[in-house]
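Have a look at the structure below, then the notes.
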Number of protein chains: 2
Amino acid sequence: MNLNYGKLKKGSLRCNNLGLDVLKNLDESLLTNLPPFKNLNTVQIREILDIATPVRIDLGKAVFDQGEVAQKFFLLLDGHIRVIKTTPDGEQVIALHITSGQLFGIAAGLGKTTYPATAIAADECLVLSWSNTQWTKFIAAYPGFSTEVYKIVGERLDEMNNRIVEMATQQVEQRVACVLLRLITQAGKKVPDGVEIDFPITRQNISEMTGTTLHTVSRLLSAWEKSGIVASKRSKVTVTQPHKLVLLSGASA
Amino acid sequence: MNLNYGKLKKGSLRCNNLGLDVLKNLDESLLTNLPPFKNLNTVQIREILDIATPVRIDLGKAVFDQGEVAQKFFLLLDGHIRVIKTTPDGEQVIALHITSGQLFGIAAGLGKTTYPATAIAADECLVLSWSNTQWTKFIAAYPGFSTEVYKIVGERLDEMNNRIVEMATQQVEQRVACVLLRLITQAGKKVPDGVEIDFPITRQNISEMTGTTLHTVSRLLSAWEKSGIVASKRSKVTVTQPHKLVLLSGASA
DNA sequence: CGCCGTCTTGACTCGCCTCAACCTCGGTGG
DNA sequence: CCACCGAGGTTGAGGCGAGTCAAGACGGCG
């Protein structure tokens, strides 16, 4: 996605509402292609945009926090969101990543009053938000919205299911391989020497996705780098030979 | 729940449609108290029952299989359903348990065409089913149905999230403790000496819920039995001192 | 009565976590 | 411009939790 909001990047409105002027700059076509809105006409899209609040979120900043009363739902226009659960004793687990074009923080649609996790910007993000009071209106007024939303929910359920199965049955090496494969599928960018994960990601992050330690992840990536399967820099991972990673992931069938 | 279908148990129609006579025996009040139908009047409930197919499922029999094309959705009237995922190499993981009164197999509502897992009767079950073509009608015609359904979906998402966090951060002993606590919450029956899990459950089953082996579960239960925390027979577990189990589960906060 | 599914227990092994030390960038301020 | 600092990364040594292998007991059902 190539959003023309370069001006915002240099602007003074960091992490704040961007104001009406920006809202008008947002082209209707931005939403047209997104699944939840794909059946809507230009007028309807305009309606939706007119009541949306656009926000830019800096890397590392939270969109909302675990346990916070849910008053809004969000659409990620650009960037990547990391959804994190924190345990009582302070450990963190990354539940999933949101890629651009996806709704998130939809507690409203699932009968929740608080957010079950924290949403952190994994890189520079542009987000639209609406009050929860709009939710039922969206569902009622916009055909296909409901269906598409719950389709996404279904996909997330699936992904979580798969992770549970992985964690229950696979060794650490396979789990890490699975996570990398999932990441390049969801947020991969083609580069000359392979597929790169399109946002900053540390060994620590990967360990929080796989239920292991950053040390073990580091050892694995080092080994894989030696075998030419991946290439990695600080906060950056590129998979050069995905097929070999698939083998390691234990896709025995 | 105390269903009067004793006659069926002795009947010859094992695992088959039960026929219209049975359908009429199902009292409207059965559905009235269930969340998805709680806002409906008697006439509406009657409509729903009239197009339902009731089925009795024997212990160990499948309601549907993983990968099967989803053509129906189900309501569990009585009994317990185990939802199982099987990996390519034959290992099994128990995703969750369905208790009576819950909808399941709702692939239709989540934009899926096949069932993502297998549903096995953990004990003697009585199930209603409807064709997927009814789904959108239910959503449209019955107020509150949609909301309640997605609330349940939200709860399952939550539960799965918690399991992921547990598997990622906790030791086996804590995970098994968590699972037992969850089971007595969801399907516990008060008995003189504690709370009993209301359906047959083996060490193997528990290991499939926690991502460990039946050996480890056996050792843990033996140890706990010595400390008087649980009492167990073949395929039966009773928690006698839940508070001690809570301590073991690592609820540090 | 015999078989099979369930459960138990011991001995051994090893994958991964823990602890610990050190390196290498990239940014920041004097 | 360089010295410093902190976040991110690497790598080795050692120990333990829990899986694996193995053998057998128990209890229910046909």
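Basis for what follows: all heavy atoms, side chains included, without hydrogens, waters or symmetry-related copies. Chain identifiers are assigned alphabetically (A, B, ...) following the order of the sequence lines, protein sequences preceding nucleic acid strands; residue numbering begins at 1 within each chain.
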Counting the atoms with a prime plus P, OP1 and OP2 as sugar-phosphate, which does B/Gln171 contact under 4.0 Å by heavy atoms, base, sugar-phosphate, or nothing? sugar-phosphate
Nearest nucleotide by nearest heavy atom, which residue falls closer to the 5' end of DNA chain C, B/Gln204 or B/Arg219? B/Gln204
Between C/dT8, C/dC16, D/dG19, which nucleotide has the shortest distance from any of its atoms to the side chain of B/Ser218? C/dT8
Taking B/Gln186 for its side chain and B/Leu181 for its backbone only, find out whether a donor-acceptor pair lies under 3.5 Å. no
Nearest-Å distance, CG (A/Leu220) to C1' (D/dT11)? 13 Å
Applying a 4.0 Å non-hydrogen cut-off, can you work out what A/Gly60 is touching in the nucleic acid: base, sugar-phosphate, or nothing? nothing
note: B/Gln170, atom CD; D/dA18, atom C1'; distance rounded to Å ~ 16 Å
Contact under 4.0 Å: B/Ser222 side-chain N or O vs C/dC7 OP1/OP2: no
For B/Ser232, which contact category applies under a 4.0 Å heavy-atom criterion: base, sugar-phosphate, or nothing? nothing
Figure out the CD/P separation between A/Glu225 and C/dT24, and round it to whole Å. 15 Å
Nearest whole angstrom, please: distance from the C1' of D/dA7 to the CD1 of A/Ile206. 16 Å
Indicate whether OP1 or OP2 belonging to C/dC25 is found under 4.0 Å from a side-chain N or O atom of A/Arg234. no
Can you tell me if A/Thr240 uses its side chain to pair, donor with acceptor, with the backbone of A/Ile229 under 3.5 Å? yes
Spacing between B/Glu173 atom CD and D/dG19 atom P, to the nearest angstrom: 13 Å
Can you figure out which of C/dC16, D/dA22, D/dA18 approaches the side chain of B/Thr216 most closely? D/dA18
Atom-pair distance (CZ on B/Arg203; P on D/dG19), nearest Å: 16 Å
Given the side-chain rings of A/Phe74 and A/Phe64, with only the six-membered ring counted for Trp, is the space between their centroids under 6.0 Å? yes
Nearest listed nucleotide, side chain of B/His215, among D/dG9, C/dT9, D/dT11: C/dT9
d(CG, B/Leu59; P, D/dC29) in whole Å: 12 Å
Ionic contact status for A/Arg175 with A/Glu166, cut-off 4.0 Å: no
Checking side-chain polar atoms at under 3.5 Å, does B/Arg203 have a donor or acceptor matched by the opposite partner on B/Ser232? yes
Would you indicate what A/Ser235 reaches in the nucleic acid, counting non-hydrogen atoms under 4.0 angstrom: base, sugar-phosphate, or nothing? sugar-phosphate
Rounded to whole Å, how long is the line connecting atom CG of B/Leu214 with atom P of D/dA25? 18 Å
Can you figure out which of D/dT20, C/dC7, C/dC16 approaches the side chain of B/Thr213 most closely? D/dT20
